[in-house]
Amino acid sequence: MIPVLKEKIIKVYDQKIKTKGENVGISFYAFFKNKNDNPELLMEAATWWIKTHKLDHFEKAIKIKELVENI
């Protein structure tokens with residue numbers, strides 16, 4: 001995972017956890033604002049989420065943050 005994606009995920013997830021609590025569910029689209037303005041980064045996130053880790057569409061934000069921090 002490239003550093004810019006890692007930083008983006010952690011920043012967005014920290015914000016979601018802060019506003020909605022530690023049990024908030026989240027998908028990889030959460031850090032793309034429902035726009036396809038960076039398809040390469042979106043595909044990297046999707047590949048990491050779906051192919052590499054075989055995660056469900058929605059996962060606990062805290063779980064994803066821990067996975068990303070440990071890369």
Side-chain angles (χ1 to χ4, degrees):
M1 177 177 293
I2 62 174
V4 69
L5 180 58
K6 183 176 179 176
E7 291 169 15
K8 188 172 194 172
I9 290 171
I10 291 171
K11 181 180 176 183
V12 169
Y13 287 0
D14 280 344
Q15 180 183 21
K16 293 281 186 185
I17 292 167
K18 183 179 177 181
T19 59
K20 301 203 180 218
E22 290 193 6
N23 288 323
V24 66
I26 204 158
S27 78
F28 64 88
Y29 280 110
F31 37 87
F32 290 99
K33 299 181 183 177
N34 293 326
K35 294 183 180 178
N36 192 10
D37 58 356
N38 190 334
E40 291 82 18
L41 198 59
L42 177 62
M43 286 306 297
E44 180 168 343
T47 300
W48 180 86
W49 190 284
I50 297 166
K51 289 181 93 177
T52 303
H53 292 285
K54 298 181 181 17
L55 299 168
D56 291 334
H57 183 74
F58 282 96
E59 293 284 350
K60 298 288 183 192
I62 197 81
K63 173 183 176 180
I64 301 304
K65 184 178 176 211
E66 289 172 2
L67 282 172
V68 172
E69 287 176 333
N70 291 318
I71 292 177

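Please read all numbers here as calculations on a predicted model, not as lab measurements.
Hydrophobic clustering of Ile, Leu, Val, Met, Phe, Trp and Tyr side chains at less than 4.5 Å, counting indirect connections, unites Ile50 with Leu67.
Using modelled atom types, no side-chain atom of Trp49 and backbone atom of Glu44 make a donor-acceptor pair closer than 3.5 Å. With Lys60 contributing its side chain and Asn23 its backbone, the two residues share a donor-acceptor pair below 3.5 Å. The main-chain N or O of Ile17 is never found under 3.5 Å from a side-chain atom of Lys20 such that the two would form a donor-acceptor pair. Glu69 places no side-chain N or O within 3.5 Å of a backbone atom of Glu66 that could act as its donor or acceptor partner.
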Note to self: I'd like to know whether Leu42 forms a side-chain contact (heavy atoms from CB on, under 4.5 Å) with Phe28, so could you lay out the CA-CA distance, the side-chain angles of the two residues, the decisive distance to 0.1 Å, and finally the verdict.
What the structure shows: CA-CA 8 Å; Leu42 177 62; Phe28 64 88; 3.9 Å; yes
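By the 4.5 Å heavy-atom criterion applied to side chains, Trp48 and Ile64 are counted as neighbours. Considering only heavy atoms from C-beta on, Ile10 comes within 4.5 Å of Lys65 through its side chain. In this structure the side chain of Lys63 reaches within 4.5 angstrom of the side chain of Leu55, judged on heavy atoms. Counting heavy atoms from C-beta on, the side chains of Tyr13 and Val24 never come closer than 4.5 Å.
Interatomic distance, Lys8 NZ to Ile2 CD1, rounded to the nearest 0.5 Å: 10.0 Å. Separating the CD1 atom in Ile26 from the NE2 atom in His57 is a distance of 10.5 Å, to the nearest 0.5 Å.
Residue Lys6 comes nearest to Val68 through the heavy atom pair CE-O, 3.1 Å, listed as atom of the first residue, atom of the second, then distance.
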